[in-house]
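Step one of this worksheet: look at the structure below.
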Amino acid sequence: MSTLYLYNSYNRQKEEFVPITPGHVGLYVCGPTVSGESHLGHARPYITFDVVNRYLQHLGYKVRYVRNITDAGHFEEEGREAEDKVAKKALLEMLEPMELVHKYTSLYHWGMRKFNNLEPSIEPTATGHIIEQINMIEDIIAKGFAYEVNGSVYFDVKKYAAQYPYGKLSGRVIDDLLETTRELEGQEEKRDRADFALWKKAPPEHIMRWKSPWGEGFPGWHIECSAMSSKYLGQRFDIHGGGMDLQFPHHESEIAQSTIAHGCAPVNYWIHNNMITIDGKKMGKAYNNVIKLTELFSGDHPMLEQAYHPMVIRFYILQTHYRSTLDFSNDALKASEKALRRLWEAYEVLQKLPLTDNASASDAELEQKILDFCQACADDMNDDFNTAKVIANLFELAPVINGIKGGQIRADAISQSAQQLMLDTFHTYLESILGLQPLQQNDDSKLDSVLQLVIEMRREARARKDYAASDKIRDMLAAAGIQLKDEKDGAVSYSID
RNA sequence: GGUAUCGUGGCCGAGUGGCUAGGCUCAGCUCUGCAAAAGCUGCUACAGCGGUUCGAAUCCGCUCGAUACCUCCA
């Protein structure tokens with residue numbers, strides 16, 4: 001098994017990945033709050049960690065991938081107004097909370113399938129784990145790190161920070177957090193401003209409520225992930241992922257809760273993906289600049305010049321390293337579309353290329369170049385999942401493939417094993433690990449039959465030098481989004497936009 | 001205000017102190033009835049100013065600029 005190095009946010013450095021149980025990996029990723037439609041920003045973590053999951057499996061690990069659904073809704077942490085997002089939206093849309101959750105969960109799953117993300121092993125919901133959350137809160141109270149006030153329960157950050165490195169993950173200075181500089185409503189319940197809620201008393205009008213030892217209420221924002229990750233992955237597991245914006249306070253609080261409840265830090269490796277920005281600003285509801293997935297795929301949004309295929313989005317995201325910000329623009333997306341199309345066509349050409357029977361290569365330099373770029377794919381994935389470089393390596397092979405087909409490269413230039421290696425590399429990296437798919441599925445055999453007929457008619461026209469007729473066929477097909485390509489050997493292929 | 005991160009050629013973007021990242025665009029050429037596709041060639045950049053070094057986009061310092069988190073957030 002080759003050695004994987006990944007950037008651990010907790011220690012701010014690349015570290016060799018060593019699983020707790022040899023051959024097995026526990027992976028937890030913060031899922032969406034299903035109180036609204038998923039947007040482009042949400043696509044990034046789920047595609048990023050889908051590739052992480054796929055790559056770990058490729059390395060031979062048995063991965064248990066847990067990705068939650070937050071269906072209980074977060075509430076305003078500072079208690080200005082206890083507000084449950086799900087409940088609030090449900091009222092607005094005149095839906096039962098469960099109805100609303102169902103609607104957006106379905107849409108989210110639809111988006112995940114479009115992106116060709118593999119399903120997680122377990123997709124637990126917050127509302128399905130109220131008991132586990134209550135148990136964990138009771139445990140933390142029993143250990144003296146949480147206190148109840150008026151039916152709500154808060155975590156004692158000050159006490160925790162005295163013994164543990166609270167703020168290490170997010171680079172926070174605890175003294176700054178403990179300083180009360182702002183007066184916030186509802187703040188008086190907490191002993192300290194930095195404390196966070198484990199359980200919140202439900203006001204009378206609140207629809208989502210559960211019975212607890214502290215009265216009717218609902219769980220705090222952070223406790224669900226701690227309760228569910230420990231239930232399915234154990235008290236200490238390998239990798240926890242999520243967006244960088246969750247580092248504080250969400251993940252910091254997860255660490256604190258779990259450390260008290262279980263006596264150990266919950267996670268060995270923290271991985272955080274960076275944000276998608278638009279005009280340099282983070283895409284998010286608060287900025288009013290989101291592009292929903294449905295809009296992205298249909299092109300129905302003022303900022304979109306065209307519709308973008310889910311695979312184009314996936315490719316666009318993977319062309320950038322996951323820890324860099326990624327700025328949205330139509331130009332960037334259009335460039336990605338062209339690039340993916342070209343790369344995929346090279347892969348298709350490679351698949352159709354007859355396998356040479358050369359035992360050795362006549363062009364040793366080219367042969368070596370192929371071996372190097374194929375090997376580099378493994379090295380680059382092992383270097384903190386550098387998908388951008390993997391894609392660049394594959395692009396280096398495209399001219400070789402096209403050159404062999406076009407005759408610019410001699411048929412005996414490379415060996416059979418090198419050709420086979422390219423085939424394996426494209427299949428493994430482009431399809432299995434990056435999870436990319438063709439932009440259009442040529443599964444319509446009837447359409448193909450018709451096009452073959454048209455191509456034959458054009459061939460006949462060209463044979464009798466009736467170029468007016470042959471060009472008319474070509475132009476009309478082009479207008480319909482079907483592009484003909486005359487190969488050097490006289491064969492004709494086509495691609496559909 | 002505090003804490004971080006980042007500033008790369010027309011655009012997007014990778015980058016381990018020394019070797020052409022890659023993609024898109026653009027220009028020229030080859031092939032082609034013409035195009036398209038494909039191939040070849042060209043476009044050598046690292047915010048600014050200092051410093052360390054034989055050598056820095058890469059390390060250090062300062063300046064300027066941008067963003068993120070500190071409230072919900074992927």
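Letters A, B, ... mirror the listed sequences (proteins, then strands); counts begin at 1. All values reported here derive from a predicted model rather than from experimental measurement. Just so you know, these numbers use all the heavy atoms, side chains as well, and skip hydrogens, waters and symmetry mates.
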Cut-off 3.5 Å, no hydrogens considered: what does the side-chain donor-acceptor table look like for residues 403-410 of chain A, sequence neighbours left out?
unit_1: A/Lys405; atom_1: NZ; unit_2: A/Glu487; atom_2: OE1; d: 2.9
unit_1: A/Lys405; atom_1: NZ; unit_2: A/Glu487; atom_2: OE2; d: 3.2
unit_1: A/Arg410; atom_1: NE; unit_2: A/Asp412; atom_2: OD1; d: 3.2
unit_1: A/Arg410; atom_1: NH2; unit_2: A/Asp412; atom_2: OD1; d: 3.3
unit_1: A/Arg410; atom_1: NH2; unit_2: A/Asp412; atom_2: OD2; d: 2.9

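At a threshold of 4.0 angstrom between heavy atoms, the contacts of A/Met283 include nucleobase atoms, whether or not backbone atoms are also involved. Counting non-hydrogen atoms under 4.0 angstrom, A/Lys281 reaches the backbone sugars and phosphates but no base.
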Base-pair string, RNA chain B, Watson-Crick plus G-U, cut-off 3.5 Å on both distances, | for inter-strand, is (((((((..(((.....[...))).(((((.......)))))....(((((..]....))))))))))))....
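Between A/Asp50 and A/Arg54 there is a salt bridge, with a side-chain nitrogen of the basic residue lying less than 4.0 Å from a carboxylate oxygen of the acidic one. Contact check on A/Arg462 versus A/Asp486 returns a salt bridge, with a Lys/Arg side-chain nitrogen under 4.0 Å from an Asp/Glu carboxylate oxygen. At a threshold of 4.0 Å, the pair A/Lys281-A/Asp279 does not count as salt-bridged, since none of the basic side-chain nitrogens sits closer than that to a carboxylate oxygen.
Rounded to the nearest Å, the gap between the C1' atom of B/rA14 and that of B/rC46 is 13 Å. If you take atom C1' in B/rG17 and the same atom in B/rC26, they sit 33 Å apart, rounded to whole Å.
Identified under the ring-ring contact (aromatic ring centres under 6.0 Å, His included) test for residues 317-346 of chain A, with sequence neighbours left out: A/Trp344-A/Tyr347. Pairs engaging residues 388-402 of chain A under the side chain to side chain donor-acceptor pair (under 3.5 Å) rule: A/Asp380-A/Asn393 [sequence neighbours left out].
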Under a 4.0 Å heavy-atom criterion, the protein footprint on nucleotides 31-43 of chain B, written with B, S and -, is S-BBBBSBSS---
5' to 3', nucleotides 1-19 of chain B under a 4.0 Å protein heavy-atom cut-off (B base, S sugar-phosphate only, - none) gives -BS--------SSSS----
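A/Tyr269 and A/Glu15 share no donor-acceptor pair across their side chains, judged by distance under 3.5 Å alone. Residues A/Asp71 and A/Tyr104 have side chains that never bring a donor and an acceptor to within less than 3.5 angstrom of each other.
In this model, the phosphate group of B/rC69 is approached by a side-chain N or O of A/Lys282 to a distance below 4.0 Å at OP1 or OP2.
By the 4.5 Å heavy-atom criterion applied to side chains, A/Arg113 and A/Pro310 are not counted as neighbours.
Around atom NZ of A/Lys114, no more than 12 heavy atoms belonging to other residues, nucleotides or ligands sit under 6.0 Å away. The number of heavy-atom neighbours closer than 6.0 Å to CD of A/Gln306, taken from other residues, nucleotides and ligands shown, is above 12.
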